[in-house]
Amino acid sequence: MASRIEQIIEEIEEYIDGCKFQPLSTTKIVVNKEELEELLRELRLKTPEEIKRYQKIISNKDAILADAQSKADGIVAAAEQRAKELVNQHEVTRQAYEQANETIMKCNQQAQAILDDANRQANAITSSAMSYTDEMLANLENILRNTIQDSGAKYKAMMDSLQGAYTTVRSNRQEIAPAQAMAPETEYSEETEEDE
């Protein structure tokens with residue numbers, strides 16, 4: 001499926017490369033909307049919902065982390081700027097340091113909370129994948145166990161049938177031949193087979 005998605009993307013790229021430029025422009029092209037929409041529609045159909053969902057989660061996680069980093073950088077920069085301004089005022093130097101440190105601490109707490117939430121989401125996805133894998137393996141284990149039990153029952157039925165045939169043949173030989181003419185034989189049984 002992935003290879004078909006790559007083919008569709010290549011077709012879209014080739015389609016765009018093959019489009020003509022608008023008159024007097026080297027950046028704008030003229031496209032057939034229906035053809036492009038058809039390629040995009042097929043691409044959407046070939047992309048599994050599961051992949052879309054995980055991509056969205058990963059995209060959200062990256063966006064949250066990037067946003068947190070951006071906010072943290074902005075808060076720190078603002079705090080540092082404010083601290084510099086306050087430090088320049090002789091009487092409020094101590095207050096400036098306190099406010100700057102408080103702002104930086106809050107920023108770090110917010111960034112850590114966002115990172116913790118992103119890690120919880122990633123752990124939940126991992127846990128879900130492990131649970132799904134375990135469920136599939138449990139189903140396979142049940143299938144194998146049932147197959148082994150069914151094969152064992154069929155094997156026992158076949159051995160019982162062979163034992164019956166063996167007993168009948170042995171009995172028939174004894175009826176048609178004198179007892180002293182027959183060589184002594186050990187009667188076949190499942191116990192004999194297991195001893196071997």
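Excluded from the calculations below are hydrogen atoms, water molecules and symmetry mates; all remaining heavy atoms, backbone and side chain alike, are included. Counting begins at 1 with the first residue of the sequence.
The two residues Ile114 and Ile64 make their nearest non-hydrogen contact at CG2-CG2, 2.7 Å. Considering every non-hydrogen atom in both Phe21 and Thr26, the closest pair reads CE2-O, 3.0 Å. Taking each heavy atom of Ala72 and Ala111 in turn, the nearest pair found is CB-CB, 4.4 Å.
Residues Lys71 and Gln110 are not in side-chain contact: their nearest non-hydrogen atoms beyond the backbone lie 4.5 Å or more apart. Contact check for Asn172 versus Thr168: side-chain heavy atoms found under the 4.5 Å cut-off. Looking only at side-chain heavy atoms (C-beta outward), Arg170 and Arg173 come within less than 4.5 Å of each other.
Here Leu40 pairs with Ile12, Leu36, Arg44 under the side-chain contact (heavy atoms from CB on, under 4.5 Å) rule; sequence neighbours left out. For Glu35, the side-chain contact (heavy atoms from CB on, under 4.5 Å) partners two or more places apart in sequence, or in a different chain, are Tyr15, Asn32.
Atom CD1 of Ile125 sits about 13.5 Å away from atom CZ of Arg120, to the nearest 0.5 Å. Expressed to the nearest 0.5 Å, how far OG of Ser151 lies from CD of Gln149 amounts to 10.0 Å. A distance of 12.5 Å separates CD of Gln163 from CE of Met158, quoted to the nearest 0.5 Å. Taken from CZ in Arg82 to NZ in Lys84, the straight-line distance is 14.0 Å, to the nearest 0.5 Å. Within the model, atoms NZ of Lys33 and CD of Glu38 stand 14.0 Å from one another, a figure rounded to the nearest 0.5 Å. Separation of atoms SG (Cys107) and CD (Gln69) is listed at 8.0 Å; rounding is to 0.5 Å.
Atom CD of Glu34 is surrounded by 12 or fewer heavy atoms from other residues, nucleotides or ligands within 6.0 Å.
A salt bridge is defined here as a Lys NZ or Arg NE, NH1 or NH2 lying under 4.0 Å from an Asp or Glu carboxylate O, and Glu102 with Lys106 meets this definition.
One hydrophobic cluster holds both Leu162 and Tyr155 under the rule that ILVMFWY side chains link at heavy-atom gaps under 4.5 Å. Residues Ile75 and Tyr97 fall into different hydrophobic clusters, defined by Ile, Leu, Val, Met, Phe, Trp and Tyr side chains chained together at heavy-atom separations under 4.5 Å.
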Discussion item. Quick one, Asn108 with Ile104, criterion side-chain contact (heavy atoms from CB on, under 4.5 Å). Give me CA distance, side-chain angles, the key distance, then yes/no.
Written reply: CA-CA 6 Å; Asn108 288 335; Ile104 290 169; 3.7 Å; yes
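Between the side chain of Thr126 and the backbone N or O of Ala122, at least one donor-acceptor pair lies under 3.5 Å. Between the side chain of Asp117 and the backbone N or O of Ala113 there is no donor-acceptor pair closer than 3.5 Å. Checked by atom type and distance alone, the side chain of Ser70 never pairs as donor or acceptor with a backbone atom of Ala66 at under 3.5 Å.
The other members of the hydrophobic cluster of Leu115, by chain and number, are Leu65 (side-chain heavy atoms under 4.5 Å, ILVMFWY only).
Looking only at atom types and distance, the side chain of Asp116 has a donor-acceptor partner in the side chain of Gln112 under 3.5 Å away.
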